[in-house]
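This one's a predicted model, so the numbers in the text were calculated from it and none came from an experiment. FYI, side chains are in, hydrogens and waters are out, and symmetry mates aren't considered; it's all heavy atoms of this structure. Every number for a ligand or one of its atoms is a count from 1 in the order of the listing.
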Amino acid sequence: MDKFIIYGGNPLRGRVRISGSKNAALPILCSSILSGGVCTYTNVPDLDDISTVCKVLEQLGVVPEKTGKNSLRLHPQNITSHEAPYDLVKKMRASILVLGPLLARLGRAKVSLPGGCAIGVRPIDMHLKAFAKMGAEIDLSHGYVVARADKLRGTRIVFDNTTVGGTENVMMAACLAEGTTVIEGAAKEPEVTDLAGVLTAMGAQIQGAGESTMVIEGVKSLSGTTYEVIPDRIETGTFLVAAGITKGRVTIEGGRAAHVTAVIEKLMDMGLSISEGQGGLIEVDGGCDLKPVHVETVPYPGFPTDMQAQIMALSCVAQGASSITENIFENRFMHVPELVRMGAVLDEKGRTVLVQGIERFQGASVMATDLRASASLVLAGLNALGYTEVRRIYHLDRGYEGLDAKLTALGARVTREKGGL
Ligand code: EPZ
């Protein structure tokens, strides 16, 4: 398994281009199942998770054609299977997002239960309850969701808690259902709004995307389309933190400040200066004494859980006491013991980690455990005295396109070593 070797201490300088959003691209690719025509997507990040979802789609009969490093054309005319197998779904939980489209297009689906992952149990009960309310028969058998619906019916779906994937799955199913579906308590993430954008481009009738109540009028069919995926707001936030943790000065191209306002606000509270230039450039100057911060992760537009590990790394080298509370996932502090190995002073109390600021991290060998935890260890390595070895960076390759090359281009000393434990 590959690892990163990082020699810390170089302030990042220069420009970096943000890639397309992984969490927008995944549901958008799944939405092609709903279409009778060719779907072309641009600004698709070149990531392992994208390759995995293409394998799932291929298994269903969708023919994927890579037309460039970041562009894909999908041919979903002939869906020949309704089954998403365990060995692919276990690799990438978001494969559960084929469930809604398959039910809507074919009237049946057999999708492996995604199972949990490092950060939590991650049930899909809210997805399944919604489909049942839309008239689907749902059985769980031998680790699979087996669903059937002659015709999905529009209805009112009320999500008691915010679920991004649940909102996206129901949106896609509702596009071809009979009648009107109202989703109360819909997730408002930009990735949900982007999915509504591509569905609308395919002929769907959707009102209220990005708000807590969404209304979807079912239509008879959806056409193919050409669509550009939004930039990745979590990669954008990660580079903002990278500038802060190395006291660098970075210009971020291709990001959307409007998608990371909660992150920008917290980073400016910590002392970073962040401004939006013309053409959507985001300028960040991290040359400051970092002040402590108090963060609680909440659904969009609040502070995103996917940025929790990264801002924790930054708070470790702020002056004074910070606190980080994780409200979305039950086990998203696995970066804590690894950061402690690098000298951080962290005290985990249930959903909150209390941080006592230190001068600087010390380089060490650490283990990546999940995607965003890995990012926080890389960030700590960029700051650390000496060498840091981040092992098992396959976690990173799932969600960050060419991170080592982008960091090196900004003056960081990062090398990728192949193989090893
Ligand atoms: C999406 O996951 C993202 N993944 C996650 O990003 C992100 O952290 C999460 O939304 C929250 O913003 C993709 O978009 C592919 P949820 P999702 O359904 O849809 C519980 C990353 O690092 N829940 O909003 O799976 C669930 O366990 C990844 O890029 C139920 O209990 O998240 C969690 O505690 C990690 N029952 C909370 O709700 C359900 O039926 C939020 O989950 C569904 C969810």
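In Thr163, the parts holding a heavy atom less than 4.0 Å from any atom of ligand 1 are both the side chain and the backbone. If you look at Glu191 next to ligand 1, there are no close heavy atoms at all, none under 4.0 Å. Looking at Met307 against ligand 1, nothing comes within 4.0 Å, counting heavy atoms. In Glu168, neither the side chain nor the backbone holds a heavy atom less than 4.0 Å from any atom of ligand 1. Neither the backbone nor the side chain of Ile234 comes within contact range of ligand 1; no heavy atom lies under 4.0 Å. Counting heavy atoms under 4.0 Å from ligand 1, residue Asp125 touches it through both backbone and side chain. Both the backbone and the side chain of Arg122 come within 4.0 Å of ligand 1, counting heavy atoms alone.
Residue contact check for ligand 1: Asn161 places no non-hydrogen atom closer than 4.0 Å to it. Distances from ligand 1 to the non-hydrogen atoms of Lys22 include at least one value under 4.0 Å.
Atom numbering of ligand 1 starts at 1 in the shown order; those under 4.0 Å from a heavy atom of Ile124 are 39 (C), 40 (O). Interface of Asp306 with ligand 1, defined as ligand atoms under 4.0 Å from a residue heavy atom, comprises 5 (C), 6 (O), 7 (C), 8 (O), 21 (C), 22 (O), 28 (C), 29 (O), 35 (C). In the vicinity of Arg372, heavy-atom distances shorter than 4.0 Å reach the ligand 1 atoms 21 (C), 22 (O), 29 (O). Residue Arg332 has at least one heavy-atom neighbour below 4.0 Å for each of these atoms of ligand 1: 8 (O), 22 (O), 35 (C). Interface of Arg93 with ligand 1, defined as ligand atoms under 4.0 Å from a residue heavy atom, comprises 25 (O). Within ligand 1, the atoms closer than 4.0 Å to a non-hydrogen atom of His127 are 40 (O), numbered from 1 in the order shown. Within the listing of ligand 1, atoms 18 (O), 19 (O) sit less than 4.0 angstrom from a heavy atom of Gly165.
Proximity of a side-chain donor or acceptor of Lys188 to a complementary backbone N or O of Pro301 within less than 3.5 Å is not detected. Judged purely by atom type and a 3.5 angstrom limit, Gln308 uses its side chain to pair as donor or acceptor with the backbone of Arg332. Side chain of Arg93 to backbone of Pro114: no donor-acceptor contact under 3.5 angstrom is found.
Taking any N or O of Asn23, backbone or side chain, at least one lies under 3.5 Å from an N or O belonging to ligand 1. Close N/O approach between Ala94 and ligand 1 is not found [any backbone or side-chain N/O within under 3.5 Å]. Ligand 1 has no N or O atom lying under 3.5 Å from any N or O atom of Leu371, backbone or side chain.
No more than 12 heavy atoms of other residues, nucleotides or ligands lie within 6.0 Å of CG in Asn78, so this atom counts as exposed by the packing criterion. The neighbour count for Tyr86 OH, taken as heavy atoms of other residues, nucleotides or ligands under 6.0 Å away, does not exceed 12. Residue-environment remark: CZ (Arg148) stays at or below the threshold of 12 foreign heavy atoms within 6.0 Å. Enclosure of atom CD in Glu348 by more than 12 non-hydrogen atoms of other residues, nucleotides or ligands within 6.0 angstrom is indicated. Within a 6.0 Å sphere centred on CD of Glu65, other residues, nucleotides and ligands contribute more than 12 heavy atoms.
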Walk me through it: do Tyr227 and Asp194 pass the test side-chain hydrogen bond (donor to acceptor under 3.5 Å, both in side chains)?
CA-CA 10 Å; Tyr227 196 79; Asp194 210 26; 2.7 Å; yes
For a side-chain hydrogen bond (donor to acceptor under 3.5 Å, both in side chains) check, start with the C-alpha distance between Glu401 and Asn70, then their side-chain angles and the critical distance, and finish with the verdict.
CA-CA 10 Å; Glu401 184 182 44; Asn70 297 111; 2.8 Å; yes
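Smallest separation of non-hydrogen atoms from Val62 and Ser32: CG1-OG, 4.3 Å. Nearest heavy-atom pair across Ala186 and Met214 is CB-CE, 4.0 Å.
When only non-hydrogen protein atoms are considered, atom 26 (C) of ligand 1 lies nearest to Phe329 CE2, 4.2 Å. Of the protein's heavy atoms, Ile328 O, 2.6 Å lies nearest to atom 34 (O) of ligand 1. Here the protein heavy atom with the shortest distance to atom 38 (O) of ligand 1 is Thr162 O, 4.0 Å. What sits closest to atom 24 (O) of ligand 1 on the protein, heavy atoms only, is Val164 N, 2.8 Å. Nearest protein heavy-atom contact of atom 11 (C) of ligand 1 is Thr305 CG2, 3.9 Å.
Nearest residue to atom 39 (C) of ligand 1 from Ser21, Ala375, Pro304, Pro123 is Pro123 (criterion: closest heavy atom). Of the listed options Met126, Glu330, Met92, Met126 places a heavy atom closest to atom 40 (O) of ligand 1.
Within a 4.0 Å radius of atom 20 (C) of ligand 1, the protein contributes no heavy atom.
How far CG of Leu379 is from OG1 of Thr238: 6.5 Å, rounded to the nearest 0.5 Å. If you take CD on Glu235 and CG on Asp306, they are separated by 13.0 Å, rounding to the nearest 0.5 Å. To the nearest 0.5 angstrom, Thr181 atom OG1 is 4.0 Å from Met134 atom CE.
Between Lys90 and Ser112 there is no side-chain heavy-atom pair separated by less than 4.5 Å.
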